[in-house]
Amino acid sequence: MTVSAVTKRRYSNATYRTLRRVKTAGLYSGVAAVLVYMLFPYYWAIVSSTKTGQALYQFTLLPALDFSNYRQLFDNPVFMGALVNSGVVALVSTAVSLVIGILAAYALGRLHFPPGRIVLIAVLMISVFPQVVVLSGMFEVIGWLGLYNRPSALIVSYLILTLPFTTWILTSFIRDLPNELEEAALIDGCSRLRILTHVLLPLMGPAIASTGLLSFILAWNEFLFALTFILTDENRTVPVAIGLLTGSSRYEYPFGQIMAASVTVTLPLLVLVLIFQRKIVAGLTSGAVKG
C-alpha cells in the first residue's frame with residue numbers, strides 16, 4: 001500500500017460550518033442541562049415555599065405567591081435565634097481558622113524543617129476523617145472544657161473541619177508566591193512576622209477570600225456537631241432548627257416551612273458568593289499557570 005492510498009478525508013466548507021454549528025449546539029445544550037440540574041432544586045424549593053395545604057401536592061412550576069410560610073417562620077423566635085447563632089459561630093470559627101491557618105501555612109510553606117511534610121500529610125488526613133469518627137473524642141473534650149450546650153463548643157469543634165482545609169489551601173498558595181519578595185524583605189531587616197503581615201498577606205487576598213468563604217459555608221451547614229453538643233433551643237444553629245420544625249399537629253409535616261427555611265438560609269450564602277466571586281475565582285485558579 002502506497003502513502004498516497006492513505007488519504008485524509010476532506011469536507012466542503014458547508015460541511016465544516018455544519019459540524020461547527022452542531023458542536024456549538026451540543027456545547028450549549030450540555031451547559032443548559034447542567035444549569036437546570038443544579039438550579040432546579042433551588043427553584044423548586046422557592047415554589048414549594050409559597051404553597052400551603054393541598055397546593056403542596058399539586059405540580060406547578062409557578063410560585064403561588066403565598067408568603068404565609070415565611071411569616072410564620074420569621075415569627076418563630078427559635079428559628080430567628082438560630083440564624084443569629086449560626087452567623088456568629090460560622091464567623092468566629094472562620095476567623096479563628098484563618099488566623100491559625102495563615103500562621104501554619106507560612107510555617108509549612110516557607111520555613112523548611114524536616115517534619116514539615118509529615119505535618120502537612122497529617123493535616124490532609126485529618127481533613128478527610130468522617131465526623132462520626134471524632135465525635136466521641138470531641139464529646140469528651142467539650143465536656144472537659146466545660147463548653148457543653150454553649151455556642152463556643154461549636155466554635156471549638158468546627159475547627160476540626162475548617163482548620164485543616166484552610167491550612168492545606170493556604171500552604172499551596174504561599175508556596176506559589178515568589179521567594180524574591182521574602183528575600184528582599186529579609187535583606188531590609190524585616191522579621192518573619194512582619195514579612196507575613198506586610199509583604200505576603202496583602203498578596204493572599206484572593207486565597208483568603210476563597211478559603212474563608214468555603215470555611216464559612218462548611219460551618220454554616222454543619223449538623224452533626226450542632227445536634228450533639230447543643231441541647232436548648234436558644235443555642236441551636238439553623239440546620240438543627242430546620243430539622244426540628246414541627247407543624248400545628250403531630251401528624252402534620254411542615255414541608256412548606258422547611259422549604260421557606262431552606263431558601264432563607266441559602267440567601268446569605270448566595271449574597272456572599274456574588275460579592276466575592278472575583279476573589280474566589282482568582283484564589284481557586286492561582287498557581288494553575290506557571291511561567
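Basis for what follows: all heavy atoms, side chains included, without hydrogens, waters or symmetry-related copies.
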Should [X] and [Y] be counted in the same cluster of Ile, Leu, Val, Met, Phe, Trp and Tyr side chains packed under 4.5 Å apart?
X      : Y      : answer
Ile230 : Leu135 : yes
Ile160 : Leu145 : yes
Met259 : Leu270 : yes
Val78  : Val84  : no
Ile275 : Leu267 : yes

Among Ile169, Leu163, Leu161, Thr162, which residue meets the side-chain contact (heavy atoms from CB on, under 4.5 Å) test with Phe165?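 Single pass found, and it is Ile169.
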Taking C-beta and beyond as the side chain, do [X] and [Y] meet within less than 4.5 Å on heavy atoms?
X      : Y      : value
Leu73  : Leu245 : yes
Leu196 : Ile102 : yes
Met204 : Ile174 : yes
Met38  : Val34  : yes
Tyr148 : Leu231 : yes
Val134 : Phe225 : yes
Leu272 : Ile217 : no
Tyr158 : Val92  : no

Between Thr237 and Trp220, is the side-chain contact (heavy atoms from CB on, under 4.5 Å) condition met? List the steps. CA-CA 8 Å; Thr237 55; Trp220 180 269; over 6 Å; no
Which residue pairs satisfy the salt bridge (charged side-chain N to carboxylate O under 4.0 Å, His left out) criterion with at least one member in residues 177-188, sequence neighbours excluded?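 Counting only pairs at least two positions apart or across chains, the salt bridge (charged side-chain N to carboxylate O under 4.0 Å, His left out) contacts touching residues 177-188 are Arg110-Glu182, Glu182-Arg192.
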Return the [atom1] to [atom2] distance between [X] and [Y], rounded to the nearest 0.5 Å.
X      : Y      : atom1 : atom2 : answer
Thr264 : Met80  : OG1   : CE    : 8.5 Å
Ser210 : Phe173 : OG    : CZ    : 8.0 Å
Thr211 : Leu218 : OG1   : CG    : 12.0 Å
His198 : Leu193 : NE2   : CG    : 9.0 Å
Arg236 : Phe229 : CZ    : CZ    : 14.0 Å
Leu203 : Leu177 : CG    : CG    : 6.0 Å

By salt bridge (Lys or Arg N to Asp or Glu O under 4.0 Å), which residues pair with Arg194, not counting sequence neighbours?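 Residues passing salt bridge (Lys or Arg N to Asp or Glu O under 4.0 Å) with Arg194: none at all.
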I'd like to check the salt bridge (Lys or Arg N to Asp or Glu O under 4.0 Å) partners of Asp66; sequence neighbours left out, ordered by chain and number.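 Asp66: no salt bridge (Lys or Arg N to Asp or Glu O under 4.0 Å) contacts found.
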side-chain contact (heavy atoms from CB on, under 4.5 Å) for Leu201 and Ile208? Distances and angles first, verdict last. CA-CA 9 Å; Leu201 199 60; Ile208 292 175; 3.7 Å; yes
Mind telling me whether Phe40 and Tyr43 have parallel, tilted or perpendicular rings, with 30° and 60° as the class edges?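 Rings of Tyr43 and Phe40: tilted, as their planes differ by 30° to 60°.
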Short question: side chain of [X], backbone of [Y] - any donor-acceptor pair under 3.5 Å?
X      : Y      : value
Asn221 : Pro239 : no
Thr167 : Pro164 : no
Asn69  : Ala260 : no
Thr50  : Val47  : yes
Ser86  : Leu83  : no

What verdict does the side-chain contact (heavy atoms from CB on, under 4.5 Å) test give for Leu147 and Leu154, after you've listed the backbone C-alpha separation in whole Å, the side-chain angles of each residue and the deciding distance to 0.1 Å? CA-CA 9 Å; Leu147 301 178; Leu154 300 181; over 6 Å; no
Closest non-hydrogen atom pair, [X] against [Y]:
X      : Y      : answer
Ser68  : Thr52  : OG-CG2, 3.3 Å
Val132 : Leu224 : N-CD2, 4.1 Å
Ser49  : Val263 : OG-CG2, 4.5 Å
Leu170 : Ala207 : CD2-CB, 3.9 Å
Phe216 : Ala90  : CE1-CB, 3.4 Å

Partner residues of Ala185 under the side chain to side chain contact (heavy atoms under 4.5 Å, CB included) criterion, sequence neighbours left out: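 Partners of Ala185 by the side chain to side chain contact (heavy atoms under 4.5 Å, CB included) criterion, ordered by chain and then number, come out as Cys190, Ile195, Val199.
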Any residue meeting side chain to side chain contact (heavy atoms under 4.5 Å, CB included) with Gln72, in chain and number order, not counting sequence neighbours: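 Residues passing side chain to side chain contact (heavy atoms under 4.5 Å, CB included) with Gln72: Gln257.
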Remaining members of the apolar cluster that contains Leu244, side-chain heavy atoms under 4.5 Å: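 Once heavy-atom contacts under 4.5 Å are chained together, Leu244 belongs with Phe223, Leu227, Val240.
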Does OH belonging to Tyr70 count more than 12 external heavy atoms closer than 6.0 Å?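 More than 12 heavy atoms, drawn from other residues, nucleotides or ligands, come within 6.0 Å of this atom.
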For Thr166 and Ser215, test the side chains for any donor-to-acceptor distance below 3.5 angstrom and give the result as yes or no.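 Yes, Ser215 and Thr166 have a side-chain donor paired with an acceptor closer than 3.5 Å.
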